[in-house]
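See below for the structure under consideration.
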Amino acid sequence: VGIARAAAPAVAADDPTGVALKYNADATKADRAAAARPGMPAAEQMCSNCQFSGASDVPDHLTCTLFPGKVVSAKGWCSSWTVKAA
Ligand code: SF4
């Protein structure tokens, strides 16, 4: 029961914010090593363990504080990655 609502769109490859933040829906293709974000080995960093992500109703995708109204791939990454607080 409830009002149906459209699923949030996934951040596109040409999304301006995504481009600015070097977002890639496939973290293995993102430049994680060069960014050397602290808190976790670069090879393990992805949206699912980032502080800015949250659960979404889109399979394999998460909300991200930096992309309001959209969802990011759970296995994505961007240069704002920050280790999720325990
Ligand atoms: S801020 Fe975190 S959750 Fe959002 S796109 Fe970047 S790595 Fe993914």
Side-chain angles (χ1 to χ4, degrees):
V1 182
I3 299 167
R5 56 196 171 88
V11 171
D14 63 350
D15 182 282
T17 304
V19 171
L21 294 179
K22 298 181 167 63
Y23 169 78
N24 193 309
D26 181 350
T28 67
K29 293 178 180 151
D31 211 356
R32 295 180 293 184
R37 300 288 291 171
M40 191 176 279
E44 295 173 16
Q45 298 174 11
M46 59 183 73
C47 294
S48 60
N49 53 34
C50 173
Q51 176 68 16
F52 299 116
S53 70
S56 86
D57 49 12
V58 181
D60 303 320
H61 285 70
L62 303 166
T63 60
C64 171
T65 314
L66 278 56
F67 294 94
K70 298 177 183 171
V71 290
V72 294
S73 167
K75 293 181 176 173
W77 182 92
C78 87
S79 59
S80 288
W81 182 89
T82 300
V83 67
K84 199 180 261 302

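As the structure lists them, so they are numbered: ligands from 1, and atoms in each ligand from 1. Predicted model, so just to flag it, every value in this text is computed and none were measured.
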For [Y], is there any backbone N or O sitting under 3.5 Å from a side-chain donor or acceptor partner on [X]?
{"X": "Trp77", "Y": "Asn24", "value": "no"}
{"X": "Ser56", "Y": "His61", "value": "yes"}
{"X": "Asp15", "Y": "Ala12", "value": "no"}

Just jot down the ring pair (Phe, Tyr, Trp, His ring centres under 6.0 Å) partners of Phe67, sequence neighbours excluded, or say none.
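By the ring pair (Phe, Tyr, Trp, His ring centres under 6.0 Å) rule, Phe67 matches Tyr23.
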Listing by chain and number, what protein N/O/S atoms are under 2.8 Å from atom 6 (Fe) of ligand 1?
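N, O, S partners closer than 2.8 Å: Cys78 SG.
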Calculate, to the nearest 0.5 Å, the distance between atoms SG and CZ belonging to Cys47 and Phe52 respectively.
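Reported value, rounded in 0.5 Å steps: 11.5 Å.
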Nearest atoms (heavy-atom pairs only) where Gln45 meets Arg37
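Closest approach of Gln45 to Arg37, heavy atoms only: NE2-O, 2.9 Å.
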Can you name the atoms of ligand 1, numbered from 1 with element, that are less than 4.0 Å from a heavy atom of Phe67?
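Atoms satisfying the 4.0 Å criterion: 5 (S).
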